[in-house]
Amino acid sequence: MKTRFAPSPTGHLHVGGARTALFNWLAARHAGGEFVLRIEDTDLQRSKPEYTRDILSSLSWLGLDSDGEPVYQTQRAEIYSEYAGRLLASGDAYWCHCPQERIDEARRLALENKDKPRYDGRCRDLGLGPAPGAVLRFKCPPDGLTGWNDIVKGPVSFDNGELDDLVIVRSDGFPTYNMAVVADDVSMGITHVLRGDDHVNNTPRQLLLYRALKAPEPEFGHLPMIMGGDRKRLSKRHGATSVLAFREMGYLPQALVNYLARLGWSSGDREIFTLAEMTSLFSLSSIGKSAAVFNGDKLDWLNAHYIKETPEEGLAELMRPFLAGLGLTGLDEGKLQAAAGTVRERGKTLRELAEKAAFYFRGKVELDPKAADKLLTEEGRDILRGYLPALERLPESAEDFDALLDSISRRRGIKKGAAAQPLRLALTGSTASPGLYEVLVILGTETARRRIEAALEFRA
RNA sequence: GUCCCCAUCGUCUAGUCUGGUCCAGGACGCCGGCCUUUCACGCCGGCAACACCGGUUCAAAUCCGGUUGGGGACGCCA
């Protein structure tokens with residue numbers, strides 16, 4: 001088995017493309033076959049090298065390694081002219097001299113009459129030769145059926161009468177998409193073509209090219225689209241869709257890959273898979289055929305899951321860039337790891353974790369004004385003051401600290417929570433934080449004292 | 001408009017091929033509870049779906065037909 005992912009570098013790699021890549025990768029790796037990358041950069045106007053770099057780094061971030069160097073279509077001109085030449089020689093293609101304006105006008109008219117726009121075949125039997133501005137068209141059979149057994153959809157077929165004589169070589173000499181894809185897939189020995197649903201209607205045209213070329217046909221599988229909450233095709237309108245944007249938001253590649261895999265594929269009731277587990281469980285026959293809505297909540301849940309599984313050391317390193325984004329750099333490794341351990345179960349993204357851990361590293365904490373208003377009353381300040389002598393030394397253990405809270409709350413006839421909150425606010429600036437004992441250990445007595453004093457001096 | 005495809009909880013899905021074990025299972029989210037120094041985590045419980053109509057059959061989420069709804073495609077873009 002040999003599969004390929006063939007993006008065109010006209011934009012960032014988005015989640016739909018990433019899923020296509022993933023399924024191709026899984027199919028190949030499961031079967032012990034090959035997975036190759038082909039950059040379809042024949043659209044000279046819109047293709048940009050920066051997008052190629054974006055695609056490459058997205059795939060490597062996701063862990064989808066390809067075999068061999070990526071192939072670039074712009075470097076394969078000879079191959080395309082060879083295949084086009086074969087079609088011309090066999091009488092399956094012909095030169096068309098129709099002016100662009102006439103074609104455009106015909107399309108406009110057809111659409112106006114609510115017809116399917118199709119080339120009328122004017123040059124088909126004229127036996128024209130090449131000329132400046134001429135294009136090469138494929139001679140589509142006027143009748144009959146072209147069909148295939150789709151890996152995900154089952155039998156699909158089109159009436160050849162629906163197809164027209166498509167352009168295979170443009171007037172600038174470059175092949176069009178359908179020509180290039182077929183020439184590449186044939187010459188690269190691709191056995192399974194897994195691509196988006198939006199290519200279904202290209203398939204009969206490509207099949208006809210394979211047949212005219214007398215080339216072995218690959219298996220085709222068309223993956224259902226990924227849609228936004230409004231059930232429209234996923235696009236920028238739905239917020240972030242590029243793979244790298246998810247990285248910047250603090251998602252782990254394992255989470256995104258796991259989520260994408262479950263969009264259209266399943267293995268019983270199982271939800272959590274590593275790439276390796278998916279690889280062994282993967283099967284083309286268990287790909288679903290209905291479109292799926294991209295739902296960030298489930299991705300968040302998976303991300304939280306993988307964050308919880310990441311050991312402190314690793315998590316600390318992953319959090320660093322996000323902390324740096326908050327202006328916190330050069331952080332002590334031990335302290336960062338300890339901090340990471342305390343926020344690990346309190347956020348869904350690395351970014352959230354960084355935000356929740358930031359208080360450990362700031363010179364002074366900014367008190368949440370609402371909470372300060374509520375907690376730094378006369379009684380609150382009194383409670384806070386009481387911690388000063390008690391915390392000259394670090395409590396021996398979490399139990400020790402708990403005993404301290406117990407005694408304060410009992411003495412004052414308040415709940416433990418009420419005894420803890422003023423301290424929490426002073427130490428962390430917020431009413432929600434990791435356990436106070438952990439916080440104290442990481443901050444140390446000196447910092448704790450300073451923060452308590454700062455809170456005591458706080459004036460709204 | 002024409003052609004192609006799709007249709008199970010709000011969402012992702014199992015079950016559909018090989019009808020009965022499904023008054024439909026899991027997960028996310030949501031709601032309630034427990035745990036608890038806060039927030040989380042965790043645990044327990046709950047709400048929630050076979051688009052509709054007809055047919056075949058002793059029996060249909062599962063098979064057939066139609067309707068409706070949704071998506072995609074209709075370029076010298078890929």
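Residue numbering restarts at 1 for every chain, and letters A, B, ... go by the order of the sequence lines.
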Without hydrogens or angle criteria, can the side chains of [X] and [Y] be said to hold a donor-acceptor pair below 3.5 Å?
| X | Y | answer |
| --- | --- | --- |
| N303(A) | T349(A) | no |
| S285(A) | S283(A) | yes |
| Q73(A) | R76(A) | no |

Return the value, rounded to whole Å, for the distance between atom [atom1] of [X] and atom [atom2] of [N].
| X | N | atom1 | atom2 | result |
| --- | --- | --- | --- | --- |
| F359(A) | A40(B) | CZ | C1' | 13 Å |
| L145(A) | C3(B) | CG | C1' | 12 Å |
| N303(A) | A40(B) | CG | P | 18 Å |
| F220(A) | C4(B) | CZ | C1' | 15 Å |
| L436(A) | U37(B) | CG | P | 11 Å |
| D300(A) | U11(B) | CG | C1' | 13 Å |
| E162(A) | U2(B) | CD | P | 11 Å |
| L375(A) | U37(B) | CG | C1' | 13 Å |

Taking a pair as Watson-Crick or G-U wobble with both distances under 3.5 Å, which nucleotide is matched to [N]?
| N | answer |
| --- | --- |
| C3(B) | G72(B) |
| C63(B) | G55(B) |
| C35(B) | none |
| C77(B) | none |
| A48(B) | none |

Centres of the F23(A) and F282(A) rings: under 6.0 Å?
yes
Between F273(A) and W265(A), ring centroids under 6.0 Å
yes
Name the orientation class of the two ring planes belonging to Y259(A) and F294(A) (parallel below 30°, tilted from 30 to 60°, perpendicular beyond 60°).
perpendicular
With sugar-phosphate meaning primed atoms plus P, OP1 and OP2, does P434(A) contact a base, only sugar-phosphate, or nothing at under 4.0 Å between heavy atoms?
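Base contact - P434(A) has a heavy atom under 4.0 Å of at least one base atom.
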Students often get this wrong, so: under 4.0 angstrom with heavy atoms, is S157(A) touching a base, only sugar-phosphate, or nothing?
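Since only primed, P, OP1 and OP2 atoms lie under 4.0 Å of S157(A), the category is sugar-phosphate.
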Polar-atom pairs under 3.5 Å, protein N or O versus N or O of nucleotides 13-16 of chain B: list them with distances, or write none.
{"from": "U13(B)", "atom 1": "OP1", "to": "G264(A)", "atom 2": "N", "distance (Å)": "2.4"}
{"from": "U13(B)", "atom 1": "O3'", "to": "S266(A)", "atom 2": "OG", "distance (Å)": "3.3"}
{"from": "A14(B)", "atom 1": "OP1", "to": "S266(A)", "atom 2": "OG", "distance (Å)": "3.0"}

Distance criterion of 3.5 Å, no angle test: do you see the side chain of E271(A) paired donor-to-acceptor with the base of G26(B)?
yes
RNA chain B: F158(A) or A418(A), which has the more 5' nearest nucleotide?
F158(A)
OP1 or OP2 of [N] sitting under 4.0 Å from any side-chain N/O of [X]?
| X | N | result |
| --- | --- | --- |
| K232(A) | G71(B) | yes |
| K298(A) | U11(B) | no |
| K308(A) | G42(B) | yes |

Which distance, rounded to the nearest 0.5 Å, do you find between the CZ of R124(A) and the CG of D165(A)?
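That separation rounds to 4.5 Å.
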Sequence-aligned protein contact record of nucleotides 73-78 of chain B, with B where the base is within under 4.0 Å of a protein heavy atom and S where only the sugar-phosphate is
SBSBBB
Quiz item: cation-pi between R362(A) and F359(A), 6.0 Å / 45°:
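Judged by the rule (NZ or CZ under 6.0 Å from the ring centre, within 45° of its axis), R362(A) is not positioned above F359(A).
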Does E105(A) pair with R108(A) as a salt bridge, N-O distance under 4.0 Å?
yes
Under 4.0 Å between a Lys/Arg side-chain N and an Asp/Glu carboxylate O for D120(A) and R102(A)?
yes
Write down the distance separating the P atoms in G29(B) and G71(B), rounded off to the nearest Å.
28 Å
Is it the case that atom CD in Q45(A) sees more than 12 heavy atoms from other parts of the structure closer than 6.0 Å?
no
